[in-house]
Amino acid sequence: MSGKRCQGTPYAPHTDTETAAMLNEIGVDSEEALFDIPESVRFDGEFGIPARDEQTARAEVAKTLGRNDDLVELLGRGHYDHYVPSFVDHLSDRSEFITSYTQYQPEVAQGFLQALFEFQSLIVELTGLGVANCSMYDAATALGEAATLAERLRSVSGTRVLVPELLHEGRRGVLENYVAGTPLIVEPYPTDDANVDVAALREQADDEVAMVYAETPTVRGTIEEQLTTVGDIADDHDALFTLGTDIVALGLLEEPASVGADVVVGDGSALGLPSAYGFGLGLFACRDDREFLRQVPGRLVGASTDTTDRRAYTLTLQTREQHIRRERATSNICSNQAWVALRTAMHVASLGPDGLAGLANDCVRRARETAARLDELSGVKAPVHDRHHFREFVARTDQPARAVAAELEREGYAIHAVGDHQVQVCVTETNEPALDGFISAFQEVAR
């Protein structure tokens, strides 16, 4: 390599000569010309923040945080708050976990690698599928990775990705971004009372379909009742059947493998992590098939033995990954949510099979009982959908939904307005103690 190395960062491998040649090739004079950054937000070298001592800084931050509304959240729609045992905080905050980098050196990372292997094993047991990775960023990225997995499989030849018309707009947006630049096309299929309209799906499916995606619970909290039929429709056209679900629901609902799911995606942060409305834990599991295994995105921890025949763990099949395979990698995600996966594994292990099933049953019971209480109020019908529900449900209000939600917010309760006269309510053990006040407030604002 000749010429002087660029001074912007010690990690950039390009010399000034190489940089100039690349800029000349694309017809610009400088690297700055590649970026359109408004002057109002362009960094000029000064942050404009006066220095403060620690006590003053803490006081100012506390004052700012104190301006937040103190609301009882009954929001849901992909973000759920369950009680996290205190031991999860204490154990996961140990320095060997919280300061750990990617476990490339198994000789110094056996503890964390074992924890991630246990996380994978939990997901395998809950889904009934043979392979699970260490995690994805969130449910949306896991869905995007499932679609591109379908496109890579030799056994799949189609380009159409069929998703429910009620798919959460955030997940739909991420999926659209994932398939941009591939032959894949995302198409919605109709739903019937919030669940899959099987007749419409069967009519829409053909041999050009690469993947059929369904969810249970759905974004509206309903439990899908015809997953086996959905799987059969996908199988009839040699398409991948991807099922979106939830780590708590997996403790109660049909095992995904038993309904023909090829891939399972979802979010695991409902356990082990308070609701963060953005920070999550993506689940990704698939069939134990050689073609699938070589195309799985993300990290995989494998178990073997060392030279003394002791059980040992290591990252395996790394030639699929970006740090080795560059542009030919199975995924552009070259990291995972290892620390969150650790917390989720701790929480699930502490619950055990009976505890997880009990928590899941409570999610069904709370939704059913809360909907029944709201249904008794004048001007309210709950639930809107004649289905079994998990954690959350949609209610119809005679008053405009946005007005109802705004009035409830003034009373200290946060819910979603999901239609002109439809609101969505989510109940878990963390907001259940506030339900009496919530029902009373709802009664006042719904008249």
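Keep in mind that this is a model prediction, so the values were computed, not measured. Just so you know, residue 1 is the first one in the sequence shown, and it goes up from there.
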Is the backbone of [Y] close enough, under 3.5 Å, to the side chain of [X] for a donor and an acceptor to pair up by distance?
| X | Y | answer |
| --- | --- | --- |
| Gln337 | Gly282 | no |
| Asn361 | Ala357 | yes |
| His421 | Ala401 | no |
| Lys63 | Leu65 | no |
| Asp81 | Thr428 | no |
| Arg77 | Leu75 | no |

Atom [atom1] of [X] with >12 non-hydrogen neighbours under 6.0 angstrom:
| X | atom1 | answer |
| --- | --- | --- |
| Arg447 | CZ | yes |
| Arg310 | CZ | no |
| Arg365 | CZ | yes |
| His388 | NE2 | no |
| Phe43 | CZ | yes |
| Glu96 | CD | yes |
| Asp29 | CG | no |
| Glu25 | CD | no |

Compare every heavy atom of [Y] with every heavy atom of [X], then report the nearest pair and how far apart it is.
| X | Y | answer |
| --- | --- | --- |
| Ala132 | Leu300 | O-CD2, 3.5 Å |
| Leu227 | Ala214 | CD2-CB, 4.3 Å |
| Ala147 | Val161 | CB-CG2, 4.4 Å |
| Val380 | Ala395 | CG1-CB, 4.3 Å |
| Ala146 | Val263 | CB-CG1, 4.1 Å |

State, yes or no, whether a side-chain contact exists between [X] and [Y] at a heavy-atom distance under 4.5 Å.
| X | Y | answer |
| --- | --- | --- |
| Arg220 | Gln424 | yes |
| Leu315 | Val301 | yes |
| Leu167 | Leu143 | yes |
| Pro217 | Asp246 | yes |

Subject >> Working for side-chain contact (heavy atoms from CB on, under 4.5 Å), residues Met211 and Glu151 >> reply: CA-CA 9 Å; Met211 185 179 89; Glu151 198 263 334; over 6 Å; no
Original post:
If you measure from CD on Gln422 to NZ on Lys381, what distance do you get to the nearest 0.5 Å?
Top reply: 10.0 Å
Subject >> Separation between CD of Glu176 and CD1 of Ile185, rounded to the nearest 0.5 Å >> reply: 10.0 Å
**OP:** List in chain and number order the residues that pass ring-ring contact (aromatic ring centres under 6.0 Å, His included) with Phe438, two or more places apart in sequence or in another chain; answer none if no residue qualifies.
**Re:**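 Tyr413, Phe442.
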Original post:
With Phe292, which residues qualify under ring-ring contact (aromatic ring centres under 6.0 Å, His included), at least two apart?
Top reply: none
Hey, are [Y] and [X] close enough side-chain-wise for a donor-acceptor pair under 3.5 Å?
| X | Y | result |
| --- | --- | --- |
| Thr15 | Thr17 | no |
| Asp138 | Thr141 | yes |
| Asn195 | Thr222 | yes |

Original post:
Do Glu32 and Arg42 meet the salt-bridge criterion of a basic N to acidic O distance under 4.0 Å?
Top reply: no
Original post:
Hey, is Arg373 close enough to Asp436 for a salt bridge, meaning N to O under 4.0 Å?
Top reply: yes
Subject >> Phe97 and Phe112 aromatic ring geometry - parallel, tilted or perpendicular at 30°/60° bounds >> reply: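 Answer is perpendicular, since the angle exceeds 60°.
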**OP:** Test side-chain contact (heavy atoms from CB on, under 4.5 Å) on Leu281 and Leu273 and set out the steps.
**Re:** CA-CA 9 Å; Leu281 170 68; Leu273 195 71; over 6 Å; no
Subject >> Listed once per pair and sorted, the side-chain hydrogen bond (donor to acceptor under 3.5 Å, both in side chains) pairs that draw on residues 64-74, sequence neighbours left out >> reply: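 Residue pairs with at least one partner in residues 64-74: Glu73-Tyr277.
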Subject >> Pair Arg311-Asp309, salt bridge (Lys or Arg N to Asp or Glu O under 4.0 Å): steps then yes or no >> reply: CA-CA 7 Å; Arg311 190 172 178 83; Asp309 288 330; over 6 Å; no
**OP:** With side-chain contact (heavy atoms from CB on, under 4.5 Å) as the test, would you mind laying out the steps for Tyr178 and Glu145 before giving the verdict?
**Re:** CA-CA 8 Å; Tyr178 255 87; Glu145 294 288 352; 3.0 Å; yes
Subject >> Full working for side-chain contact (heavy atoms from CB on, under 4.5 Å) between Thr218 and Thr191 >> reply: CA-CA 11 Å; Thr218 69; Thr191 54; over 6 Å; no
**OP:** Could you go through the salt bridge (Lys or Arg N to Asp or Glu O under 4.0 Å) check for Glu169 and Arg172 one step at a time?
**Re:** CA-CA 5 Å; Glu169 59 275 10; Arg172 173 70 182 266; over 6 Å; no
